[in-house]
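As the structure is a prediction and not an experimental result, all values here were calculated from the model. Atoms within each ligand, like the ligands themselves, are counted from 1 in listed order.
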Amino acid sequence: MKILFYDAKKYDVDSFEKARENFPDIQVEYLEADINKKTAVLAKGYDAICAFVNADLSKEILQVLSEQGVVLLLMRCAGFNNIDLEETRRLGMTVLRVPGYSPEAVAEQAMALALSVNRRIHKEYIKVRENNFSLEGLMGRNFYGKTAGIIGTGKIGAAMARICKGFGMKVIAYDKYPNKNLDFIQYMELEDVLKNSDLVSLHCPLTVDNYHMINAKTISLMKDDVVFVNTSRGELVDTEDLIAGIRNHKFHGVGLDVYEEETDNVFENREQEIMEHSVTARLLSFPNVIVTSHQAFFTEEALSAISNTTLENALGYEKGEINQANLV
Ligand code: NAI
């Protein structure tokens with residue numbers, strides 16, 4: 001099995017090379033470049049490519065890959081909304097992913113964002129470094145005794161729900177398929193979760209029917225001074241409506257690990273560039289907003305699980321023993 005690994009960062013190479021010690025027959029070549037029309041042709045002679053969540057796996061690129069002989073897409077992530085699945089099926093390509101590498105990694109980042117915006121840690125950090133020890137503008141609120149609303153209670157949402165419970169919060173949730181194992185959660189309709197929560201955290205996948213599920217209408221249902229966190233997918237939120245809500249002082253704080261315009265930013269150092277879009281810049285201009293760069297997954301434990309499962313997926317495919325749970 002020969003795999004061409006796109007968009008390889010040093011931490012990817014380190015983690016995959018360590019995991020590869022247990023998979024000696026799998027060859028991996030690492031490319032710093034991400035996949036695009038020009039780099040897709042480099043996959044000639046490889047059985048599989050390995051890509052990340054923001055990779056462009058649109059129809060056109062998939063066709064180029066297929067022409068090079070690629071039969072397997074190894075996604076080193078859980079999400080797959082970036083892949084044209086109709087086209088992979090038409091081309092007879094198999095797509096395998098890593099559905100649950102470390103739900104706690106993402107949930108802990110969601111809570112870190114919630115706590116940071118609530119207590120203004122991002123402001124405090126800078127103020128104190130400047131010898132400014134005043135408390136002006138730093139007032140937070142206890143999460144203890146408040147209500148957390150979790151949208152989507154799969155692996156990550158369940159982990160977030162457990163963290164919120166540990167903080168002494170009442171946990172309510174909306175999910176199309178309630179998780180019966182989470183007996184401490186009160187399930188209700190989305191509208192009711194939004195109306196009753198002091199902290200709203202998104203943990204559902206992006207699907208055709210929930211694009212912009214957080215919009216002017218659903219934001220208006222939320223409590224005033226709510227803390228809103230999105231570690232799931234940017235397109236779940238209508239960012240213009242979110243910005244309008246922030247401007248109208250609807251939110252006590254907003255923590256975003258994902259946002260609609262992130263694709264060109266994710267994992268890139270763009271320090272020297274002039275930003276061409278205004279959404280990111282506007283989000284960053286608000287004192288009660290924290291944006292991180294799709295890093296919720298980024299823990300040692302998660303990277304190790306991602307590399308091991310990706311290589312297991314490759315081996316399983318080669319042996320004709322595909323892990324159905326990882327098949328997209
Ligand atoms: P999962 O598949 O275990 O759970 C998703 C849950 O959402 C399921 O219970 C499902 O019934 C529910 N759901 C589906 N559509 C819904 C809707 N319209 N409204 C409410 N609930 C709905 O997925 P998991 O592992 O918990 O991941 C959730 C999402 O987190 C992923 O789809 C991905 O978008 C995001 N993610 C973000 C990462 C990051 O680094 N920021 C890393 C990994 C995942």
Side-chain angles (χ1 to χ4, degrees), residues 7 9 11-12 51-55 75-83 85 95 97-114 148-164 171-182 185 187-194 197 200-215 218 221 229-238 255-260 262-263 265-267 290-306 309-310 324-328:
D7 196 19
K9 308 282 191 247
Y11 50 79
D12 291 317
F52 194 60
V53 69
N54 285 313
M75 301 306 296
R76 51 181 192 276
C77 54
F80 50 86
N81 51 280
N82 56 324
I83 309 172
L85 291 176
V95 184
R97 66 178 181 129
V98 187
Y101 39 88
S102 176
E104 288 75 20
V106 182
E108 287 175 18
Q109 172 88 2
M111 186 44 109
L113 284 169
I150 313 292
I151 318 292
T153 52
K155 289 176 283 301
I156 297 171
M160 181 62 172
R162 283 190 290 268
I163 291 172
C164 292
V171 185
I172 61 176
Y174 167 71
D175 193 306
K176 285 182 169 176
Y177 306 97
N179 184 339
K180 294 190 180 69
N181 296 323
L182 301 169
I185 291 184
Y187 280 96
M188 43 185 85
E189 288 305 315
L190 176 62
E191 284 194 1
D192 296 318
V193 172
L194 298 177
S197 301
V200 172
S201 193
L202 299 188
H203 298 289
C204 55
L206 176 67
T207 59
V208 275
D209 54 356
N210 65 12
Y211 175 79
H212 283 182
M213 74 189 294
I214 301 300
N215 52 44
T218 46
L221 297 174
V229 172
N230 186 9
T231 55
S232 208
R233 282 293 174 270
E235 293 81 359
L236 292 170
V237 179
D238 183 327
L256 304 173
D257 187 50
V258 291
Y259 51 99
E260 286 190 286
E262 70 179 35
T263 307
N265 297 345
V266 168
F267 311 150
I290 297 184
V291 178
T292 52
S293 183
H294 208 132
Q295 65 173 71
F297 74 100
F298 198 52
T299 65
E300 281 176 18
E301 292 80 358
L303 277 192
S304 164
I306 287 171
T309 306
T310 304
Q324 296 298 315
N326 298 353
L327 188 63
V328 178

K.L.:
Residues in side chain to side chain donor-acceptor pair (under 3.5 Å) with Lys180, at least two apart?
P.N.:
none
K.L.:
Ligand 1: which residues have a non-hydrogen atom closer than 4.0 Å?
P.N.:
Pro99, Tyr101, Val106, Gly152, Thr153, Gly154, Lys155, Ile156, Tyr174, Asp175, Lys176, Tyr177, His203, Cys204, Pro205, Asn210, Thr231, Ser232, Arg233, Asp257, His294, Ala296, Phe297
K.L.:
Applying salt bridge (charged side-chain N to carboxylate O under 4.0 Å, His left out), name anything that partners Asp7, two or more places apart in sequence or on another chain.
P.N.:
Lys9
K.L.:
So, do Phe298 and Phe267 have ring centers that fall under 6.0 Å from each other?
P.N.:
no
K.L.:
For the backbone of Ala296 and the side chain of Asp257, can you confirm whether one donor and one acceptor N or O come within less than 3.5 Å of each other?
P.N.:
yes
K.L.:
Spell out, as yes or no, whether a donor-acceptor pair under 3.5 Å connects the side chain of Asn82 to the backbone of Val53.
P.N.:
yes
K.L.:
Taking side chain to side chain donor-acceptor pair (under 3.5 Å) as the definition, give me every residue that meets it alongside Asn181, ordered by chain and number, with sequence neighbours left out.
P.N.:
none
